2 protein chains.
Amino acid sequence: MDTTNKLIAAAERLFDRHGFVATGMDRLTEAAGMSSRTLYKHAGSKTQLMACILGERDRRFMARLDVGTVEALFKVLDDWIRIEGTRGCLFLRSNAETGGDTPEIAEAVRMHKTAFQNQVARIVATDLGHEDPEIAEQILVLFEGATHAAIYRGEGAVRAAQSAAATLIERARS
Amino acid sequence: MDTTNKLIAAAERLFDRHGFVATGMDRLTEAAGMSSRTLYKHAGSKTQLMACILGERDRRFMARLDVGTVEALFKVLDDWIRIEGTRGCLFLRSNAETGGDTPEIAEAVRMHKTAFQNQVARIVATDLGHEDPEIAEQILVLFEGATHAAIYRGEGAVRAAQSAAATLIERARS
DNA sequence: TGCTATGTAAAACGATCGTTTTATATATGG
DNA sequence: CCATATATAAAACGATCGTTTTACATAGCA
């Protein structure tokens, strides 16, 4: 694992577990096992590092989202939470922590959420056989809700979302 | 408006808009229009102030949640967002920013989410005429989802959640 | 052999963090 | 009228913030 990847992995983990602002660069250099000089050579600045981490997470998350049914969509979330843990949406958290005032971060969040929304709409269209923006928005809300309710309700929140989605899809089909 | 209330109002606003950790005490004293000595006399510490703000928000939010139908539940959220804005759940955000490591904050969040969950279950039971834990969990997920999806999707997310909830309730009734 | 790239360790930068202190001012009520 | 409570302004506390710098080590390649 090269230096950049070690840095990204450590940063994503610390930002996710302890928050972006609360995670200091000293803690980061220690966790990444590199000097601060090397860290800044690779990352540029903390803001750039945050934006980079969001880009990486977007890539990793969206790669998993390439499914064809709504049921599979919620299976993706279930797997994700099992592997990555359940601390809410890192994109919305980064935006909230910076008050939406950091352009590079706000832009990364906007890009991700747009891609996510489009992908959900595509999955719903594939599953139903035709586009349905209203159902797509409902499914998106269920996904976002499961992501955040799972923080305090556990995996049951994902199962509830999945079963609610099944009801909505079934009704939309007939 | 007395000193304590001025402090609470300013703190809730700044914490919500700019994040808990990123909001410094100097910025807070200025916004609250009081010296740091007075602030600490009233608040004790930043952690205590955060816990206090969460308690206040819980009181204010839960007071609005005293409704008898699921439709009214989402009307409450719609009103809330119109009045208070849409930056996600302040409780989950406070927990994420502190990594869940601050007992007073983690406890305030736990208390609020338990009360919220119970209230949703009660509303669903009232609306359906009988308890239904599975539907209640689905409605809770929809509410949490609307809260967070509204950040980037606007009020349409709340309407989508409300209409999805109506479908689920209607189906549960027959 | 020497240049370049890439790394480390450690100190230092000014700024800001949360918090406390010192020194006064101003009301209120017995 | 004088104590008490409650406020202010402003400086200072040590710690930590994000970032840069200085000085040095190692490896690959010309």
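Since the model is a prediction, treat every value here as computed from it, not as a measurement. Below, chain A is the first sequence line, B the second, and so on; all start at residue 1.
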Cut-off 3.5 Å, side chains only: do B:R122 and B:Q119 have a donor facing an acceptor?
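Result is yes, a qualifying pair exists.
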Rounded to whole Å, please give me the gap between [atom1] in [X] and [atom2] in [N].
X     : N      : atom1 : atom2 : answer
B:Q48 : C:dT19 : CD    : P     : 9 Å
A:H42 : D:dT19 : NE2   : C1'   : 17 Å
B:L39 : D:dT8  : CG    : P     : 10 Å
A:D26 : D:dC17 : CG    : P     : 6 Å
A:M34 : C:dA10 : CE    : P     : 17 Å
A:K6  : C:dG7  : NZ    : C1'   : 10 Å
A:K41 : D:dT19 : NZ    : C1'   : 14 Å
B:E30 : C:dT16 : CD    : P     : 13 Å

Should A:T38 be listed as having a side-chain N or O under 4.0 Å from OP1 or OP2 of C:dT8?
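Answer is yes, contact under 4.0 Å.
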Taking the minimum atom-to-atom distance to the side chain of [X], which one of [options] wins?
X     : options                : answer
A:M25 : D:dT8, C:dG18, D:dT19  : D:dT19
B:Y40 : C:dT19, D:dT19, D:dA9  : C:dT19
A:K46 : D:dT22, D:dA11, D:dG18 : D:dG18

When you measure only distances, ignoring hydrogens and angles, does the side chain of A:S36 come within 3.5 Å of the base of D:dT20 through a donor and an acceptor?
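It does, because a donor-acceptor pair links the side chain of A:S36 to the base of D:dT20 below 3.5 Å.
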Per the atom types in the model, does the base of D:dT22 pair as donor or acceptor with the side chain of A:R37 at under 3.5 Å?
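Check passes, donor-acceptor contact within cut-off.
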Is A:M62 linked to A:L92 within one hydrophobic cluster, defined over Ile, Leu, Val, Met, Phe, Trp and Tyr using a side-chain heavy-atom separation of less than 4.5 Å?
yes
Charged N to carboxylate O below 4.0 Å: is that the case for B:R60 and B:E84?
yes
How would you label the contact of [X] with the nucleic acid (heavy atoms, under 4.0 Å): base, sugar-phosphate, or nothing?
X     : result
B:T47 : nothing
A:T23 : sugar-phosphate
A:G33 : sugar-phosphate

B:H18 and side chain to side chain contact (heavy atoms under 4.5 Å, CB included): which single residue from B:R27, B:R87, B:R13 fits?
B:R27
Would you say A:F91 and A:R57 make side-chain contact, with heavy atoms under 4.5 Å?
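In contact.
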Let me spell it out: for each of A:S45 and B:T3, pick the nucleotide of DNA chain D with the closest heavy atom. Which residue's pick is nearer the 5' end?
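The answer here is B:T3.
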